[in-house]
Amino acid sequence: MNREVFKPNREFSKSARIKNMCEYQDLQDFAMRDYEGFWGSYAKEKLEWMEPFHTVLDESKAPFVKWFLGGKLNVSVQCIDRHLNSRKNKAAIIFEGDRGDKQIITYLELYYNVNKFANLLKNEFGVKKGDRVVIYMPMIPEAAYAMLACARIGAIHSIVFGGFSAEALKDRIIDADAKVVITADGAFRKDKPYMLKPVVDEALKGETPVKKVLVVERNGEDVTWVAGRDYSYNELIKHQDVKCEPEVMDAEDPLFLLYTSGSTGKPKGVQHNQAGYILWAQMTMEWVFDVKENDTYWCTADVGWITGHTYIVYGPLAMGATTIMFEGVPTYPDAGRPWKMVEEYKVNQFYTAPTAIRVLHKTGEHEPAKYDLSSLKVLGTVGEPIDPPAWKWYYEAIGGSKCAIVDTYWQTETGGHIVSPLPGATPIKPACATFPLPGIMAEILDENGAKVEVGEKGLMCVTRPWPSMIRGIWGDEERFVKSYFGDVKKDGKPVYFTGDGAIYDEAGYITITGRTDDVINVSGHRMGTAEVEAAIKKHPNVAEVAVVGKPHEIKGEGIFAYIVLKSDSGVADEVEEVKAINKVIQKEIGNIALCDDVVFVPGLPKTRSGKIMRRILRSIAKGEEITQDISTLEDPSIVATIASTVQSCKL
Ligand code: WTA
């Protein structure tokens, strides 16, 4: 694995927060020597406490751990109020609409907008500390206000990505027992309006815990209003006071839930709490992006995913940065849009997903040359392994071979980055997440908890709790323990396993190789095969189904479904049947889970105990020779039948 190494830009390193690998090592040594001292000192220095904490870490009920016990704070104060002395007229959020409409919101304006929003939720809707509020919003500033307003009054927000269907939204509303939904009438995408409110109406049909719906009128669409339930944000906000006292929150009170896919069952409500989460969001912003006071930072994620939470809203605002929110898509009106915006706003840090880089590369290779990208200092990627050609293009065409690429590895559950280069310190290698961040005890282990040898694939684990780690799965303690602490033990103690595989090279660099479980990563979106299978099974003609991931040039992975139809289904037209199946997926989950390939097969490869051998199905989907031992299958001949069916579908 001898790869090219790119040293940090010397000029950049001079003023970076972490300037070289010695400084990195010193920090990591400090954490190893005195773990609680390390975290305690940062928590004291970085966070605005209403009451100080008395204990840094309580592991007595591990894996249920507590950080900064006794401490009281409010995350909205950390993100807004504390900046009002020195940054009140600084841009907090720069909003660029799909159609090029712009808004600059200063910290003082953000303070007013969030306070009014908080008063609205509290006074008009009766939202109290601990209540769950579902946010189903487009990428508009009101989404950020809604999050921070919840934080201000101590309500727990649960954002549902706007691409999820009514069914998926309903499931999440019910699981979280949410009493309020915040949405918008719609938004714009590729210069066309799209609707969100009708999806909420559909989700709220029948029995739900929701009492009130708040609608931001972004598009001015004609939407249905249910009297006594639906209210216009634009109307109610006019009457709200600009001051709302922040709720005093315990360091370990929940801050938000975010549903994500696991390898089994329905999506899990990942719970993050106050102090630990915001501390690491801020520290990683400072270390990994090294944003300076006058910089403009842009992360292209959606607030519906964890990246949008930590690196569009909470992290940048906690450190007092200027963060761009973009409503549109990177390829509209053409694949030069992001580069045009970089030039226009003089963006200094740009953070996106490999899928976007691949699309922009493929459809607009020469676009970057048309714009002045000289403001860029740090480029980031997240969400899936990036391939070396895309990395190279990003480094050269976008970064002008002078910007560090931070390949940040993390997950919804980790709250913030855990393995990533530091732009002023780490010599980088293409498509490599490099080293654990200071304070994070990340190691690649084998199933017995031993550190793997160089070049040997192992399991990406974190051996000590860290402040921004998941605190639980909403309403399911047992699933939390089983999902993350069931597989690997080190020195007899269960450690956190991410679900990803990884490899060390000869210099100790970590490369993430992808999920080792039944989770597919489609365009950086996590998709549980079990979830997609459950959706497909709702189609009345389907007897059995198995879903696997298949490498995809742009999306990283695509969804490949093997379906056994019921013998009496009488399906004559397979093309129509595929359409019907995708319709069910659209209804149950949303467009993001549509299948790239659907193949009808007479049976699935199962062991005698009935377990589907997905590994075989993955190999067939990739067109690989089957080398696995298939003698344990109930019917080994099914493998050849499936392979030839897939082959004939391709012809
Ligand atoms: C994958 C997104 C390789 C990984 C922040 C992880 C990555 C899942 C990287 C989490 C990376 C994330 N290199 N793979 N730099 N970053 N992943 O919860 O499989 O939406 O487990 O969080 O994305 O996805 P999630």
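What you are looking at is a predicted structure, and each value in this text was computed from that prediction instead of being measured. Note that ligands are numbered from 1 as they come in the structure, with each ligand's atoms numbered from 1 the same way.
The closest protein non-hydrogen atom to atom 18 (O) of ligand 1 is T412 OG1, 2.5 Å. Protein heavy atom in closest approach to atom 24 (O) of ligand 1: R526 CD, 3.2 Å. Protein heavy atom closest to atom 21 (O) of ligand 1, with residue, atom name and distance, is D500 OD2, 2.5 Å. Nearest protein heavy-atom contact of atom 12 (C) of ligand 1 is W410 O, 3.3 Å.
Every atom of ligand 1 is numbered from 1 in the order shown, and the set under 4.0 Å from a heavy atom of I512 is 3 (C), 14 (N). Listed by number with element, the atoms of ligand 1 under 4.0 Å from a non-hydrogen atom of V382 are 5 (C). Below 4.0 Å from some heavy atom of N521 lie the following atoms of ligand 1, by number and element: 1 (C), 23 (O). Atoms of ligand 1 found under 4.0 Å from any heavy atom of G383 (numbered from 1 in listed order, with element): 1 (C), 7 (C), 9 (C), 12 (C), 16 (N), 17 (N), 23 (O). Less than 4.0 angstrom separates some heavy atom of D407 from each of these atoms of ligand 1: 11 (C), 13 (N), 15 (N).
Using a cutoff of 4.0 Å between basic side-chain nitrogens and carboxylate oxygens, R618 and D518 are scored as salt-bridged. The existence of a salt bridge linking K555 and D596 is confirmed by a sub-4.0 Å separation between a basic side-chain nitrogen and an acidic carboxylate oxygen. Ion pair E557/R515 not flagged as a salt bridge, since none of the NZ, NE, NH1 or NH2 atoms sits closer than 4.0 Å to an Asp/Glu carboxylate oxygen.
Using a 4.0 Å cut-off between heavy atoms, T307 contacts ligand 1 through its side chain alone, with no backbone atom that close. By the criterion of a heavy-atom distance under 4.0 Å, neither the backbone nor the side chain of I386 is placed next to ligand 1. For Q411, heavy-atom contacts with ligand 1 shorter than 4.0 Å involve the backbone as well as the side chain.
Considering only non-hydrogen atoms, atom 9 (C) of ligand 1 lies nearest to E384 out of E384, H417, H525.
The ring-ring contact (aromatic ring centres under 6.0 Å, His included) with H417 is formed by just one residue from the set F289, W280, W466; it is F289.
Between W339 and F350, the distance separating the two ring centers is shorter than 6.0 angstrom. The aromatic ring centroids of F161 and H525 lie less than 6.0 Å from each other.
L594 has its side chain out of reach of I559: every pair of non-hydrogen atoms, C-beta onward, lies at least 4.5 Å apart.
Although no hydrogens or angles enter the test, the distance criterion places a donor-acceptor pair under 3.5 Å between the side chain of N521 and the main chain of G383.
Contact analysis leaves G499 out of contact with ligand 1, as no non-hydrogen atom separation drops below 4.0 angstrom.
One finds the NZ atom of K457 at 14.5 Å from the CG atom of D446 (value rounded to the nearest 0.5 Å).
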